[in-house]
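Every chain is numbered from 1, with letters handed out A, B, ... down the list of sequences. Quick note: numbers below take in every heavy atom, side chains included, and nothing from hydrogens, waters or symmetry partners.
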Amino acid sequence: MTVKTRLEPAPSGSIHVGSARTGLFSWLFAKHHGGSFVLRIADTDAKRVTEENYRSVLEDMRWLGLHWDEGPETGGPNGPYRQSERFHLYTEKANELLAKGYAYPCYCTPEELELERKTAHEEGRTSGYSGRCRTLTDEQRRAFEAEGRASSLRFAVPADRTITFHDAVLGEIVTDLGRTPDFVIQRSDGSPTYMLAVTVDDVAMGITHVIRGNDLVASTARQLLLREAFGVEEVPVFAHLPLLVTTDGRPLSKRFGDVSIGAYRDQGFLPEAMVNYLALLGWSYDDRTNVFSVDELIERFSLERVGKNPAAFDVAKLEWLNGHYIRSLTPEELAERLVPFCVRAGLPADSSEGREVLKGVAPLISERLKRLDEAPPMIRFLFEDVAPEGKAVKTLEGQTEYLGAVAEGLERLDKWTTPAIEEVLRGLAEERELKPKQAFQPVRAAVTGTLVSPPLFESIELLGRERTLKRLRYPA
RNA sequence: GGCCCCGUAGUCUAGUUGGCCUAGGACGCCGCCCUCUCAAGGCGGAGAUCACGGGUUCGAAUCCCGUCGGGGCUACCA
């Protein structure tokens, strides 16, 4: 059997890190088994969907490197892959269920349903809908329709049974259908609900392993029920991943801060770091390995090693991994990835000269970056004259003579190289019996405008003779 | 309220046929070294009575019961 997994994101903007993690696990599992991965857009609820959000989903998936074998734009034998374009299939299946007596029209209004929910809650029953429309006579139905009431379609749940399935993560899950109310499969506007669409599509597309968030455990029984009604014998393997929470153990909601992949991308997290980090949330390979390349993840991933308890999304560890991956980049690669961040910060880096500058500083700042967006402030002095700020101003006080001497020494240099520059500066420090810190901080302040900068001698070399001398003699 | 799931240091986790665990690794934190600043790197350290309480056993993080805590579901969202 060829493994086939899928991710079914609702296009409500840049994808949530939780969805990304689910997608990653699904993708890794498929790749590990030489199978395929399907991307399917869950846009059945028209009011929440925009074209822009849809594009964000595809962009995020591509950025993460989770390439889909079947899905939007890629195509495939089971398309289309946007559920909004598959309504005819759901309608057909809904009608089939209606004809076979598995489903019935429900004429209840939102207000009536709300009342039932409230009553059920008060009486300690698990849920709301009583199933009252199930036993309507034809006459009653005609009366409702004459009234102009719209009807949804509900699945008639056999209350006297239980549904049991084996979850690859959680083990055996038993659901008592006596506590499962008749659920809506088609809204009164004719659109399918998640329950119908997901089941129809998983069957149609031959999904073998359903890997999704723990919040969907309870819905599994209903989907299994639908499969039965469709007369489908095969059942996919289900694996429900532990939910992602904040470091305080709260649900990972917008209130936590950044929960979308796009937000992390904009801050300069590398996709390889994000993928590595996400893989560690709820999964581990052994008792010591933290860093994995994508290929290693594919080779080592297994559902058996997925844990059951909620995992906290810890930005600090993500940043550590990100720093690790930034340091593993070549200067050329780092420079190229830095371009958009510099441009956004107003630095003219998107030119061949700009790129040369970036390539030059890349080795100096790579071990100082946790995120790419930290780079522009560090290297702004290479692109424009910067006025000393804060403590740097104070450091420069009374240093005019000394800085002039530094300028004089540097001016005499034949070769403008780091070793030569260092020799001049150290020589002068020794001559004046200055400690390194006393000798170099004023120079740093004058040249970079700050007391924290990339290594000084290298920075001076990159800055060039002219600009360095100017800044030493005429501080802004 | 009802049903279901979870519970090892601040965080991610190893550990699950009970003994090799005086509980291992990583992030973070603290200190030292290196050092032109900041980092990176190296070394070291603090931090977990394995949620709590009872059992079973020669022996339990690992098995059983209970309690408490957290979460999910309980939608014509997905």
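Across all strands shown, B:C76 remains unpaired; no Watson-Crick or G-U wobble contact has both distances below 3.5 Å. Both distances falling under 3.5 Å, in either a Watson-Crick or a G-U wobble arrangement, place B:G66 opposite B:C52. Within the shown strands, nothing qualifies as a pairing partner of B:C38 under the Watson-Crick or G-U definition with both distances less than 3.5 Å. B:C29: Watson-Crick or G-U partner is B:G45, with both key distances under 3.5 Å.
In this structure, A:Asn322 contributes its side chain and A:Leu270 its backbone to a donor-acceptor pair below 3.5 Å. Side-chain atoms of A:Ser219 come within 3.5 Å of backbone atoms of A:Leu216 as a donor-acceptor pair (strictly under, hydrogens ignored). For the pair A:Arg327 (side chain) and A:Gly323 (backbone), a donor-acceptor distance under 3.5 Å is present.
Counting only heavy atoms from C-beta on, A:Met195 has its side chain closest to B:A78 among B:A78, B:G72, B:C27. Each of B:A14, B:C12, B:C6 was ranked by its minimum atom distance to the side chain of A:Ser284; first place goes to B:A14. Distance from the side chain of A:Asn290 is smallest for B:A26 among the nucleotides B:C27, B:A78, B:A26. Comparing B:G72, B:A78, B:U11 against the side chain of A:Thr44 picks out B:A78 as the nearest. When each of B:A78, B:C76, B:U11 is scored by its nearest atom to the side-chain atoms of A:Leu216, the top-ranked nucleotide is B:A78.
Every residue was checked against the ring-ring contact (aromatic ring centres under 6.0 Å, His included) condition with A:Phe341, not counting sequence neighbours, and none meets it. Checked against ring-ring contact (aromatic ring centres under 6.0 Å, His included), A:Phe381 has no partners two or more places apart in sequence or in another chain.
In summary, the side chains of A:Asp167 and A:His240 do present a donor paired with an acceptor at a separation below 3.5 Å, with no hydrogens or angles considered. At a cut-off of 3.5 Å, with distance as the only test, no side-chain donor of A:Tyr54 or A:Asp43 sits close to an acceptor on the other residue.
Not one side-chain nitrogen or oxygen of A:Asn214 sits closer than 4.0 Å to the OP1 or OP2 atom of B:C73.
In this model, no side-chain donor or acceptor of A:Ser453 finds a partner on the base of B:C38 within 3.5 Å. Between the base of B:U37 and the side chain of A:Arg368 there is a donor-acceptor pair shorter than 3.5 Å. Donor-acceptor pairing under 3.5 Å, judged by distance alone, is absent between the side chain of A:Arg179 and the base of B:C3.
Remark: C1' of B:G69 and CZ of A:Arg250 are 11 Å apart, rounded to the nearest angstrom. Between the CZ atom of A:Arg6 and the C1' atom of B:A78 there is a distance of 11 Å, given to the nearest Å. In this entry the distance linking NZ of A:Lys118 with P of B:A75 reads 15 Å, nearest Å. At whole-Å resolution of the value, CG in A:Leu113 and C1' in B:U74 are 14 Å apart. Separating the CG atom of A:Leu170 from the P atom of B:U16 is a distance of 20 Å, rounded to the nearest angstrom. Regarding A:Lys308, its NZ atom lies at a distance of 19 Å from the C1' atom of B:C12, rounded to whole Å. Following rounding to the nearest Å, A:Asp215 (CG) and B:G71 (P) show an atom-to-atom distance of 15 Å. Counting to the nearest Å, the C1' atom of B:C29 and the NZ atom of A:Lys317 are 15 Å from each other.
Across the P atoms, B:A61 and B:U8 are found 15 Å apart, a figure rounded to whole Å. Comparing the same atom, C1', in B:A78 and in B:C21 gives a spacing of 44 Å after rounding to whole Å. Atom name C1', nucleotides B:G47 and B:G28: the rounded distance is 11 Å, in whole Å. Taking atom C1' in both B:C29 and B:C36, the straight-line distance is 27 Å, to the nearest Å.
Backbone-only engagement by A:Arg305 is indicated by non-hydrogen atom pairs under 4.0 Å involving sugar-phosphate atoms exclusively. Using a 4.0 Å heavy-atom cutoff across all strands shown, A:Cys106 reaches no nucleic acid atom at all. Using a 4.0 Å heavy-atom distance criterion, A:Leu280 is classed as a sugar-phosphate-only contact. A:Gly282 comes within contact range of the sugar-phosphate backbone alone, with a heavy-atom separation under 4.0 Å but no base atom that close.
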Between the protein and nucleotides 30-36 of chain B, which nitrogen or oxygen pairs are less than 3.5 angstrom apart?
unit_1, atom_1, unit_2, atom_2, d
B:C36, OP1, A:Arg426, NH1, 3.2
B:C36, OP1, A:Arg426, NH2, 2.5
B:C36, O2', A:Arg444, NH2, 3.2
B:C36, O2, A:Arg444, NH2, 2.4
B:C36, N3, A:Leu456, N, 3.2

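Taking the six-membered ring wherever Trp is involved, the centroid distance between the rings of A:Phe301 and A:Trp27 does not fall below 6.0 Å.
For residues 429-452 of chain A, the pairs satisfying salt bridge (Lys or Arg N to Asp or Glu O under 4.0 Å) are A:Glu401-A:Arg432, with sequence neighbours left out. Screening residues 307-326 of chain A for salt bridge (Lys or Arg N to Asp or Glu O under 4.0 Å), with sequence neighbours left out, gives A:Glu319-A:Arg371.
Between A:Glu114 and A:Arg117, at least one side-chain N (NZ, or NE/NH1/NH2) sits under 4.0 Å from a carboxylate O, which counts as a salt bridge.
Within residues 318-328 of chain A, the residues approaching RNA chain B are A:Trp320, A:Arg327, by heavy-atom distance under 4.0 Å.
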